[in-house]
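Working notes for the structure below.
Lettering of chains follows the sequences in order, A, B, ..., and the numbering in each one begins at 1. What you see is a predicted model, and the numbers here were worked out from it, not measured in a lab.
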Amino acid sequence: MPFEKVESSPDFPALERQVLKFWAENATFEKRKALNAGKPKWSFLDGPITANNPMGVHHAWGRTYKDAYCRYFAMAGHELRFQNGFDCQGLWVEVEVEKELRLKSKRDIESLVPGNVEASIDRFVQACKDRVNTFARVQTDQSIRLGMWMNWDVTDADWAKTPDERKSYFTMAERNNYAIWSFLKKCFAKKLIYRGYDVMPWCGRCGVGISEQEMKEGYKLVEHRACFVKLPLLDKPGENLLVWTTTPWTLTSNVGAAVNPKLTYLKVKLKGEIYYLAKGVFKQDRMASSGGDEEDSTAKKGKREWLDGVPNLSSIEQMFKSKAGKGENYEIVDEVKGEEMLGWRYAGPFDDLPAQQSEYGFPEEVAKIVKQNGWCPAVTGAVAHRVVSGGDDVSESEGTGIVHTAPGCGDIDFAWGKANGLPPIAPIGDDGCFHKGFGSLEGKNAADPATADAVFEELKKKDRLFGIERYVHRYPHCWRCKTELLYRLVDEWFIGMGAAFDPANPQSPEGGYSFRAEIAKVTTQVTFLPESLNGRARELDWLKNMGDWMISKKRYWGLALPIWVDEKDPTDFEVIGSREELKERAIEGWQEFDGHTPHRPWVDKIVLKNPRTGNRMFRVPDVGNPWLDAGIVAYSTLPADWRPADFITESFPGQFRNWFYALLALSTMMSDGEVPPFKTLLGFATCKDQFGHDMHKSAGNSIEFNKAADEGGEIKDPKGATIPFNAIGADVMRWLYCRQNPASNLLFGPKPADEVRAKFHLKLWNCYSFFVNYAIADNFDPTAAQVPVKERPDIDRWILSDLQGLIRTAREAFESFDVMRFALEAERFVDDRLSNWYVRRNRDRFWSSNAVLDDAGRRDKLAAYQTMHAVLTTLCRLIAPCVPFLAEVMWKNLTAHGRSSAGFAPSVHLCDFPSVDETLIDTDLSDDTQALLDLITLGGSARNLAKQVVRQPLAELRVYTDSDSVKRALRRFATTICDELNVKSVVLSESPLLKASAKIQMKTAGAKIGAKRKEVDEAMKTVAAEDLAKRLRAGPIELGGVALDANDIAIEYTAESGWAGVVDRGTQVAIDGRLTPELRAEGLSRHVIRFVQDARKNAGLDLADKIVLSLTSPAEELMAAIRAHRDAIAAAVQATAWVDGPMTDLGFATTVKVDGMELMIGLSKQGLA
RNA sequence: GCGGGUAUAGCUCAGUUGGCUAGAGCGCAGCUCUGAUAAAGCUGAGGUCCUUGGUUCGAAUCCAAGUACCCGCACCA
């Protein structure tokens, strides 16, 4: 038997698992690659997936695109590399390993082996490698389950190899790390690498500086306590500057107070003391959003972002009033210009701290650098306190207009400090806690609210605290561990990105080299999809605005920055570009390092000799930014003859500043500004839950890949109710992703999965099972000689013709990376054309029995089988890239289990992608059939208007149309129309069927009419529509002073009495709704048949069973109808004998009502009566 | 704060260079079909096309302002 019986409700996930086995056992993937060897290359570059956890369903979206396009280009005859990538290094892995090992801090990490930092780091780094290997393998298995075809590492032996030797690429591989070294060396040669001492956001928990890219991800609206602080002026007893800060811990390190020289400041007297503050802030409504800081308060006023439960800010004036106490008040005694205040000396809030007594700043390391760079004279913080100019950066939009300046705690403070010779005092260490030298605050964490309390206590004791308030603002947090960032003076390593460029014309500035502009130039060579996202503009915008790239992390697991620094001169450093260079230059440590990957702690052992000074050089302990790891892959993994990649695809949120950026940046440097890393980028949006909310593990609405694929599980809806779901399976997920608009967020869940399965998979499966199950019964042989297509009936040639259209769409869509277009068209093909027309109309061709057919009949039936077989097998090949399992299951069965002797490939994935067969295209036939389908719909609505069900035969359907294809369809498919609409005849009418009414077609007439609309409307009213129609047929007419032709005026119609009519565009359809007694009798008989069929089913009879039938009714009309159509009824219900009168003694009996009339049905199986 | 986007049915979204009666899928309601049958089809209800103003004979569409949400950029005391 050529085919296997097909279950009507299949277990898709189970079938998928069988297909995986089939592929593995038959080495199908290897065979595919062998077929394509030596063909034109199509280069795909995989964006590495972070190997830190199992996959979620959101990963499956991108991985479906990756696989679908790779499979398409493989079927279309290209050689591919099929290499998957894993992202291995970086803080995210460290954080998970810290959790595993229950470590809380960097100190814990360095004490893993008590007393041995180096061994501790080694153990920690090994744990990170282990974690990556573990989850890379998990993700590999899951990707295989998704149906992704890549050169996977499968066996234990594969995984025992080093990352460099495995089939997938790993960013922790030596190849990758050394490639980045060569990149950094090139940057160094262009003098782009520099060491920056700067105040940067810092995560005290992770102990790392946070780069600009990372900071974007962590802003959150939070509450802090802000305070107003008095700074007594040394030369004006009883007078104070009033400053405001949201970070009280930085007051310990105050060195200056910045004013804007152009602003006016008030001198406010309160209880005998004088306070200085900016005039503009005094009465300001502080809850209005900053913006219009000009005086006119009518300027647009937004409301400040605020948190519920936090009281509104009061104005500064109000604070003065309430502090004045009852009956008293403040007094404005004078105004001064900011510039007059410059140089005023004041007493700092924490001048008693040792840290304030250190020349050049604090702590010593900082002081050393400050001294070396000449950033300030030999003064201590306590001595340096004075009013400085902050220029226009000091505004009246926030605070008091006098800015507390701590050059060791703020970016701009640091700049002001350098400009004014103020020594920086850096209060906190890499753990975010106060250094020694800060008195009672020593060891306290700066982010801890209790620390603010301690600061407030100190201030109170000294009478420096003017007020405390609860304040809400957006504040950066660590994107990994969510702790608050602190601004801290650090030394980090940067790549200088160079001068700005004009995004409209991104060339390097005249003369000078600008890395930024070079990247921009390369970026313009890349295609960003989908177009609606304006990806290129986004990327250029980022390139324009970004600062220098901070590439260092003071951590353990990652790229070892190949920077060696002179032991005596921290400004003298070198970048090493390769392992070979390192070996050559090493004067110590090579023996120990050799045999290890270039990771900590081993690489740290290498010591170089400074050729200029003869001093020893040590590697900086920092590791690299992980986007370097992912950014180099176009060079570290793609061989030269595979560059640039034809295609990459990733979820775009964030990636314009992360992977896309890194890839462009590193490739620009590596190719000296010549070659982009890829030609086309397809971005896609974010995967949400089925209610449109972000998926979060904690919210219970995220779905693990394994559960979606095989296990089933449950999700929580937004109200927290639990919704269980069954396994969805890979192909349903994949189709969901393929049919999605990549620019929009995707809603994933059991409900969308069910919809997609019902809409596509089950519809297709129904067609397939219908075909196969009849083909089995009929012994259809797919290898039998073909009935020439020309000799097949219209409907066969029609679907083959439309199938070519689908093939054309498929090829265009895949080639332009628009799989959605193909998927939606395929759905329409399967639903509207194959299922709802071809199969439905052809059921009787398939089930007609060979025994009663003549030669022509048998040939017609063979044509039907062959047509449907061709359609289904072609569909299998078309959808194979999207739903590889479903396609494979159907293909194998349809091609008699892949017997290659029959000319079919043993796997659908070893086929070529279908090409359009021009000889099968019959445009007229396709048009005519479309017209037919439209006519059926119209006729259906006309029936509906006439309130006559399809079972009731009607006399006549009339059609009036100006469409040639409708006219042709009417002639060509008259029988079909009669059958579908259950009418006795269908007639093409030469004249309109319906009462005319005229209507102007503004689409064509609008331009002619213009402003004369009213005149034309008036003129229209005076002419009968029928006359208008007649005159128009003769030629253009004049109406209201405007010449109009037949195209400009549409004549519309309504039906005459007894008829029901509908109109669509140029076609009118009218159906005769009147019933003659004959028609009514026939309709009744059809109802009777329907009830008898029901009764048969209820009686549990088999399809083939013959029956003895008895039909009785007290209603004479019904009995007459039964008598008149007795033979038709008997044939339809397979009654071979009649019993006149009631038959209650044997078999099955029931009573029903036919159009209100009682009918007793009795039947029994023939032979039992 | 600056720039960009979006706003259309209960939900998810289409809607061409302005053109008159604004669509689809899902959901809902009703009906039908019933030898593909735990499938399928049809019909219906449901819209201030975010608001206001403007341009125009005519605006969901173009312009301006406003509102809400989203994205990017900038965020300082």
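With sequence neighbours excluded, the residues forming a side-chain contact (heavy atoms from CB on, under 4.5 Å) with A/Ser651 are A/Pro653, A/Phe684, listed by chain and number. Take A/Phe760 and apply the ring-ring contact (aromatic ring centres under 6.0 Å, His included) test, not counting sequence neighbours, and it matches A/Trp735. The side-chain contact (heavy atoms from CB on, under 4.5 Å) test applied to A/Arg538 returns A/Leu533, A/Phe652, A/Phe656, not counting sequence neighbours. Residues that satisfy the side-chain contact (heavy atoms from CB on, under 4.5 Å) test with A/Asn741, not counting sequence neighbours, are A/Ala743, A/Ser744, A/Met820. Residues passing the side-chain contact (heavy atoms from CB on, under 4.5 Å) test with A/Ile1089 are A/Gln1093, A/Ile1129, A/Ala1132, A/Val1133, sequence neighbours excluded. With sequence neighbours excluded, the residues forming a salt bridge (charged side-chain N to carboxylate O under 4.0 Å, His left out) with A/Arg841 are A/Asp979, A/Glu980, listed by chain and number. Taking the ring-ring contact (aromatic ring centres under 6.0 Å, His included) definition, one finds that A/Phe770 meets it with A/Tyr774, A/Phe846, sequence neighbours left out.
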Taking N or O atoms only and anything under 3.5 Å, show me the protein contacts with nucleotides 70-72 of chain B, one pair per line.
residue : atom : partner  : partner atom : Å
B/C71   : O2'  : A/Arg538 : NH1          : 3.3

Check: protein-nucleotides 23-30 of chain B nitrogen or oxygen pairs below 3.5 Å:
residue : atom : partner  : partner atom : Å
B/G25   : O2'  : A/Lys759 : NZ           : 3.4
B/C26   : O2'  : A/Glu755 : OE2          : 2.7

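At a cut-off of 3.5 angstrom, counting only N and O atoms as typed in the model, there is no donor on one side facing an acceptor on the other between the side-chain of A/Thr247 and the base of B/A77. Counting distance only, with no hydrogens placed and no angle test, the side-chain atoms of A/Ser835 and the base atoms of B/A36 include a donor-acceptor pair under 3.5 Å.
Taking only side-chain nitrogens and oxygens, A/Tyr475 never comes nearer than 4.0 Å to OP1 or OP2 of B/C75.
Taking the side chain of A/Ile412 as heavy atoms from C-beta on, and the options B/A77, B/C76, B/A36, the nearest nucleotide is B/C76. Side-chain atoms of A/Tyr487 lie closest to B/C76 of the nucleotides B/A36, B/A77, B/C76. In this structure, the nucleotide among B/A36, B/C76, B/A77 sitting nearest to the side chain of A/Asn766 is B/A36. Listed candidates were B/A39, B/C76, B/G35. Nearest to the side chain of A/Ser395 is B/C76.
Every pair passing salt bridge (Lys or Arg N to Asp or Glu O under 4.0 Å) that includes a residue from residues 739-751 of chain A is listed here, sequence neighbours excluded: A/Arg739-A/Glu827.
There is a side-chain donor-acceptor pair under 3.5 Å between A/Asn893 and A/Tyr768.
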Report, one line per pair, each donor and acceptor closer than 3.5 Å where one atom sits in a side chain of residues 248-257 of chain A; sequence neighbours left out.
residue  : atom : partner  : partner atom : Å
A/Thr250 : OG1  : A/Thr247 : O            : 2.7
A/Thr250 : OG1  : A/Thr247 : OG1          : 3.3
A/Thr250 : OG1  : A/His404 : NE2          : 2.8
A/Thr252 : OG1  : A/Trp249 : O            : 2.8
A/Asn254 : OD1  : A/Tyr346 : OH           : 2.5
A/Asn254 : ND2  : A/Gly256 : O            : 3.1
A/Asn254 : ND2  : A/His404 : ND1          : 2.7

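B/G27 and B/C11 have their P atoms separated by 15 Å, given to the nearest Å. As rounded to the nearest Å, B/C42 and B/C57 have C1' atoms that lie 40 Å from one another.
Taking atom CG on A/Leu242 and atom P on B/A77, their separation rounds to 16 Å, with Å as the unit.
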Exercise. Which dot-bracket string fits RNA chain B when only Watson-Crick or G-U wobble pairs with both atom distances under 3.5 Å count, crossing pairs get [ ], and | stands for a partner on a different strand?
Worked result: (((((((..((((.....[...)))).(((((.......))))).....(((((..]....))))))))))))....
